[in-house]
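Data block below; observations after.
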There are 2 protein chains.
Amino acid sequence: MSRDQPMRRRMTTIQDIAAELGLSAMTVSRALNGHPDVKDETRARVEERARELNYRPNRFARGLVSRQSKLIGVVIPEISHTFFSEITGGIQEAIEPDGYTLILCNSAGSPERERREVDMLVGGRVDGLIAASTFPQDDPELYAGLAEEGVPFVLIDRYFPALESARVHGDDDATIRLCVEHLANLGHRDIGFIRGPDVSTSSLRLAGFRESLRALGLRENPDWIVPGGFTVDAGREAGLQLLQRPSRPTAICAVNDPCALGLAQSARRLGLKVPQDLSITGVGKIEPDYLPEQYLTTTEWSRAEIGATAGRTLLAMIGGGSPADLPDVMLSPKLVIGRSTGPPPSR
Amino acid sequence: MSRDQPMRRRMTTIQDIAAELGLSAMTVSRALNGHPDVKDETRARVEERARELNYRPNRFARGLVSRQSKLIGVVIPEISHTFFSEITGGIQEAIEPDGYTLILCNSAGSPERERREVDMLVGGRVDGLIAASTFPQDDPELYAGLAEEGVPFVLIDRYFPALESARVHGDDDATIRLCVEHLANLGHRDIGFIRGPDVSTSSLRLAGFRESLRALGLRENPDWIVPGGFTVDAGREAGLQLLQRPSRPTAICAVNDPCALGLAQSARRLGLKVPQDLSITGVGKIEPDYLPEQYLTTTEWSRAEIGATAGRTLLAMIGGGSPADLPDVMLSPKLVIGRSTGPPPSR
DNA sequence: CTGAAAGCGCTTACAG
DNA sequence: CTGAAAGCGCTTACAG
């Protein structure tokens with residue numbers, strides 16, 4: 001009798017092995033899990049039969065009773081950006097040796113989607129969570145809720161100022177200072193800024209920008225600080241707007257690399273040469289190392305290290321870290337000089 | 001009394017809600033799952049209480065009885081290559097609307113690791129698998145085993161000629177033909193090839209290369225077909241070897257983009273200008289679209305579409321597709337012209 | 001060294 | 001429309 005159910009052969013269970021060998025399920029379980037109190041001969045028989053029957057422990061049954069899944073949830077805004085995919089690689093390296101597996105979710109920059117994914121992950125009983133949140137920095141509610149539920153999590157790249165939590169992120173203040181100093185050294189005095197969305201990385205970079213200008217004795221022109229975003233599209237829009245003003249800066253710092261690349265597109269469209277007419281800097285070095293030339297002048301810090309640190313931190317928390325000392329790890333950036341910056345045009 | 005166990009608060013269960021409301025677990029389950037036979041008022045009460053208690057269904061319990069996890073396993077050789085991360089994005093788009101979640105594994109090009117990951121995924125009771133396998137093309141054993149166990153899977157990018165399976169991949173024959181014809185049109189007659197590892201994509205591209213030469217009436221020089229690999233390092237090695245021979249070609253087709261970029265590095269190190277002294281082509285367009293200029297002449301086909309097609313195909317198989325008609329989807333490539341190709345040097 | 005009992009949190013039949 | 005029973009495949013105490 002055929003059913004229209006998906007036909008998936010029933011998999012071997014511990015009971016099957018036990019029955020075949022005339023043992024109890026308990027003994028088979030012990031033998032398979034390396035429990036010491038099992039006769040060597042018994043263990044050998046069990047292991048052999050398990051291999052023959054292609055036995056694989058059922059994670060659901062195991063998870064149901066052990067209350068741990070050995071699963072780590074990761075939520076990032078964009079998987080196809082090397083920035084985040086390399087972080088993901090670092091996480092994986094860190095958690096794999098301990099038998100953990102990664103479940104990856106892509107929020108695509110949408111808080112709604114991020115909330116659904118986090119709910120799904122926690123409902124799926126991941127043992128912990130690593131997230132680069134897309135929620136505005138003054139809206140930590142989702143993660144505050146997790147903290148309350150006792151779900152271990154680590155925030156990467158961005159964080160919520162008002163929420164105590166484990167964090168691993170780049171030094172946003174230092175990163176933008178490197179850019180401004182580089183431009184000042186080239187002779188620029190009129191520097192603009194394209195802002196990002198309302199997450200910590202954005203606002204810290206803007207604050208760093210202002211502070212750097214002040215420290216260098218450069219004037220801050222409010223007209224040259226324009227709203228933008230984290231994407232190429234946002235950078236393009238912001239660029240069109242800023243570059244068509246009556247007066248424009250000779251250099252612009254963008255809040256991140258995609259934004260800077262969008263800005264560069266707009267500059268070209270408006271007939272401006274980069275860097276002859278306009279210098280541009282980004283943040284995050286999204287361009288892959290294997291390319292022969294770096295286009296954008298930008299900053300970078302180790303993404304693999306962000307991932308690895310976040311992974312190790314989370315495992316420590318899962319292992320029973322006290323919530324008293326939530327780690328806050330900040331990585332130092334370095335400047336990467338590309339073709340997008342040069343001396344300002346002579347008047 | 002404190003335990004040194006990881007302290008994770010017990011989560012709300014269906015029983016909790018039932019007890020609070022004086023209902024049976026059964027009714028709560030039905031109310032929450034949109035079963036029709038529940039009084040509206042009851043359903044409302046259940047839903048409200050569930051929300052208040054932050055109830056999340058336990059996937060383990062559900063999976064244990066329903067025998068499906070709503071999890072899809074994906075195994076790729078390298079997450080930080082845009083090629084694979086974009087495929088992953090496409091998969092996600094395809095499976096998410098049906099409530100499936102993606103578990104991502106990175107084999108890092110190691111068959112050992114791939115085997116461990118597949119075992120883990122199947123043991124974790126994923127409902128299906130999508131893989132770009134790193135196993136040699138004449139070693140389909142791992143996937144043959146899955147087929148026997150009745151685990152639905154789709155192979156992407158590469159496949160095993162001897163194994164009947166669902167496949168979604170680029171047209172490797174056409175892709176290399178585009179490269180050779182492009183070079184021939186530029187005037188090249190001496191064209192070399194850097195091979196890849198022993199997977200279908202590699203061998204099909206080599207076969208396509210030979211056929212294209214023949215079709216265009218160009219001579220095949222065995223000295224100019226050298227072993228290489230899929231990585232920048234492999235391309236660099238192969239380049240050093242090939243370019244230092246007494247006679248060398250005026251153009252080289254590499255088996256993929258990373259290999260071509262490694263080759264370009266070697267060419268520069270040996271003092272050869274690209275494309276003036278040597279033209280180079282890749283396959284797969286690994287360079288991101290947002291960059292202002294395309295360096296490598298290469299071919300591409302939609303990765304999002306590979307992912308989406310693989311995802312949809314897998315869902316169909318999970319939904320009970322008959323193993324009689326395993327789909328084999330082939331995507332057509334198009335040529336992307338960059339700065340790495342030009343006319344051959346005049347003697 | 002081995003096993004019988006109970007239970008993890010759900011859902012699938014089966015009754016009412 | 002609602003519920004009592006049984007069971008998914010394991011593991012955690014508890015006995016022997």
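Values reported hereafter were calculated over all heavy atoms of this structure, with side chains retained and with hydrogens, waters and symmetry mates removed. Naming convention: chains lettered A, B, ... in sequence-line order (proteins, then strands); numbering from 1 in each chain.
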| Arg158(A) side chain vs Ser200(A) backbone, donor-acceptor pair below 3.5 Å | no

| task | Rounded to the nearest angstrom, tell me the gap between atom CG in Leu64(A) and atom P in dT11(C). | result | 12 Å

| Can you tell me if CD on Glu52(B) sees more than 12 non-hydrogen neighbours from other groups inside 6.0 Å? | yes

| What nucleotide among dC8(D), dC10(D), dC8(C) has an atom nearest to a side-chain atom of Val65(B)? | dC8(D)

| Going by number, which of residues 26-49 of chain B have a non-hydrogen atom under 4.0 Å from DNA chain D? | Met26(B), Thr27(B), Arg30(B), Asp37(B), Val38(B), Lys39(B), Thr42(B)

| By side-chain contact (heavy atoms from CB on, under 4.5 Å) - contacts of Ala18(A) (at least two apart) | Val28(A)

| task | Provide, to the nearest angstrom, the distance between the CZ atom belonging to Phe60(A) and the P atom belonging to dT11(C). | result | 13 Å

| request: Any chance you could lay out the salt bridge (charged side-chain N to carboxylate O under 4.0 Å, His left out) test for Arg113(A) and Glu93(B), step after step, and finish with the verdict? | output: CA-CA 12 Å; Arg113(A) 208 160 149 172; Glu93(B) 296 297 329; 3.7 Å; yes

| said: Can you measure Leu23(A) atom CG to dG3(C) atom P for me and round it to whole angstrom units? | reply: 5 Å

| query | Taking the six-membered ring for Trp, are Tyr159(A) and His169(A) parallel (under 30°), tilted (30 to 60°) or perpendicular (over 60°)? | reply | tilted

| message | Nearest whole Å is fine: how far is dC8(C) C1' from Arg62(B) CZ? | response | 16 Å

| message | Over 60° means perpendicular and under 30° means parallel, so tell me whether Phe60(B) and Phe60(A) are parallel, tilted or perpendicular. | response | tilted

| field | Length of the CE-C1' vector between Met11(B) and dC8(C), whole Å | value | 14 Å

| message | For dG9(C) and Arg59(B) - does any side-chain N or O of the residue sit under 4.0 Å from the phosphate oxygens OP1/OP2? | response | no

| request: Pick base, sugar-phosphate or nothing for Thr13(A), based on heavy-atom distances below 4.0 Å to the nucleic acid. | output: sugar-phosphate

| request: Check whether any side-chain heavy atom of Thr13(A) lies under 4.5 Å from a side-chain heavy atom of Asn58(A), and answer yes or no. | output: no

| request: Please report, rounded to the nearest Å, how far the C1' atom of dA4(D) is from the CD atom of Gln15(B). | output: 12 Å

| message | Determine whether a donor-acceptor pair (N or O, by modelled atom type, separation under 3.5 Å) exists between the side chain of Arg45(B) and the backbone of Leu21(B). | response | yes

| task | Calculate the interatomic distance between Ile14(B) atom CD1 and dG9(C) atom P; express it in whole Å. | result | 11 Å

| In dot-bracket, 5' to 3', how would DNA chain C read with Watson-Crick or G-U wobble pairs under 3.5 Å, [ ] for crossing ones and | for pairs to another strand? | |||.||||||||.|||

| field | Interatomic distance where CZ belongs to Arg125(A) and P belongs to dC10(D) [whole Å] | value | 20 Å

| query | Do we see a donor-acceptor contact under 3.5 Å between the side chains of Glu117(A) and Ser107(A)? | reply | no

